[in-house]
Amino acid sequence: MAPRIVVLGRQGAGKGTQCARLVAEFGIVHVSTGDMLRAAVAAGTPLGQQAEAIMKAGGLVSDDIMNGIVAERLAEADVMEQGVLLDGFPRTSGQADALAAILDDQGVELDAAINIDVAIEEVTARMMARGREDDTEEAIAERLSLYEAQTAPLLEWFAGRGKLVVIDGLGEEDEVFARVREALGI
Ligand code: AMP
């Protein structure tokens, strides 16, 4: 089993938790483009130097750069053998097209794009409750509206290809994980 899964969901929807469960249970490789970029910034690589200001400003690193990074990562042996949970990519329709081309070149298919769905009011309440310094109501609203603007078209992109699976993200972690497993048939 080497599933290829895109994981979508608002900040605070429990995406990270569900990815960790899938990694622990099935050994699927978690590829988070945000984590990769943060590591590059921390290491001071040329990519990191380019990405740092963009990330600080809340912008998007260019499709060309992102598509190249992801194409390289998806060609590595662990992903080929164990499958991948793509988290944070694609974020634009150009990236979605690139992903389709990468998988096509590898002769494999995307299994599903799962959207862990939690309403805006609920994720706002969750983020306010965790009380992090950057979680002011205003900052949360800004990040969520960016997500809405960036991701809504992608939901349609995946739905149009018969790949979108919407998972109700309300409830206990175990309940949501059971829904994820059922949706993926694993
Ligand atoms: P994340 O942890 O997924 O929220 O990503 C943190 C930041 O990294 C984002 O705000 C973007 O600046 C950048 N980033 C991560 N993934 C991508 C992507 N697929 N395309 C463009 N920029 C990205």
Side-chain angles (χ1 to χ4, degrees), residues 4-23 28-76 79 84-106 110 112-118 120 123-124 126-128 130 132-158 161 163-164 167 169:
R4 272 93 183 167
I5 299 158
V6 168
V7 184
L8 303 162
R10 296 187 175 98
Q11 266 197 322
K15 221 164 32 123
T17 307
Q18 295 301 322
C19 282
R21 296 283 300 258
L22 286 165
V23 170
I28 309 174
V29 180
H30 184 203
V31 172
S32 153
T33 47
D35 286 351
M36 290 168 82
L37 291 172
R38 279 183 288 273
V41 170
T45 65
L47 165 67
Q49 288 171 14
Q50 251 182 303
E52 189 169 13
I54 299 170
M55 292 170 73
K56 272 209 181 116
L60 288 180
V61 176
S62 77
D63 283 359
D64 274 356
I65 291 177
M66 295 312 302
N67 296 344
I69 294 172
V70 170
E72 270 183 26
R73 185 66 187 91
L74 294 193
E76 287 179 37
V79 167
V84 67
L85 295 170
L86 263 178
D87 175 0
F89 184 96
R91 255 189 170 78
T92 66
S93 61
Q95 293 179 10
D97 288 334
L99 175 62
I102 293 165
L103 296 178
D104 205 43
D105 280 350
Q106 294 182 345
L110 185 72
I114 59 175
N115 180 26
I116 302 178
D117 192 32
V118 177
I120 289 178
V123 290
T124 303
R126 287 184 189 182
M127 283 190 270
M128 292 298 289
R130 70 187 183 185
R132 257 174 31 185
E133 207 177 311
D134 58 339
D135 282 346
T136 62
E137 197 155 3
E138 212 173 37
I140 293 168
E142 174 64 22
R143 292 201 299 268
L144 287 174
S145 84
L146 253 182
Y147 178 86
E148 238 53 48
Q150 290 167 1
T151 307
L154 286 182
L155 297 179
E156 280 161 36
W157 194 97
F158 287 114
R161 286 158 184 78
K163 298 293 185 189
L164 184 68
I167 288 163

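For ligands, and for the atoms within them, numbers begin at 1 and follow the listed sequence.
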- [ ] May I ask you to list the atoms of ligand 1 that are less than 4.0 angstrom from any heavy atom of T33?
- [x] 15 (C), 16 (N), 17 (C), 19 (N)
- [ ] If you have a sec, work out which protein heavy atom is nearest atom 1 (P) of ligand 1 and how many Å separate them, to one decimal?
- [x] R91 NH2, 3.4 Å
TODO: Enumerate the atoms of ligand 1 whose separation from the nearest heavy atom of Q95 is less than 4.0 angstrom.
DONE: 18 (C), 19 (N), 20 (N), 21 (C)
Task: Side chains of R143 and D135 in contact at under 4.5 Å (non-hydrogen atoms) - done: yes
Open item on the list: Could you check whether any heavy atom of Q11 sits closer than 4.0 Å to an atom of ligand 1, since that is the contact criterion I want to use?
Closed with: no
TODO: Measure across D35 and R38 and return the closest heavy-atom pair with its distance rounded to 0.1 Å.
DONE: OD1-NH2, 2.9 Å
TODO: Check ligand 1 against G59 and write out every atom of the ligand that is under 4.0 Å from a heavy-atom position of the residue.
DONE: 11 (C), 12 (O)
- [ ] Mind checking whether M66 contacts ligand 1 via backbone (N, CA, C, O), side chain (CB onward), both or neither, at a 4.0 Å heavy-atom cut-off?
- [x] side chain
Task: Nearest non-hydrogen protein atom, atom 6 (C) of ligand 1 - done: R38 NH1, 3.5 Å
Task: Short side-chain to backbone donor-acceptor contact, Q49 and G44, under 3.5 Å - done: yes
Open item on the list: Tell me the protein heavy atom at minimum distance from atom 22 (N) of ligand 1, and give that distance in Å.
Closed with: V61 N, 3.2 Å
Open item on the list: Going by the closest heavy atom to atom 7 (C) of ligand 1, which one wins out of K56, M36, K15, M55?
Closed with: M55
- [ ] Look at the side chain of T151 and the backbone N and O of E148, then say whether any donor-acceptor pair between them is shorter than 3.5 Å.
- [x] no
Open item on the list: If the cut-off is 4.0 Å to any non-hydrogen atom of L37, which atoms of ligand 1 fall inside it?
Closed with: 8 (O), 13 (C), 14 (N), 15 (C), 23 (C)
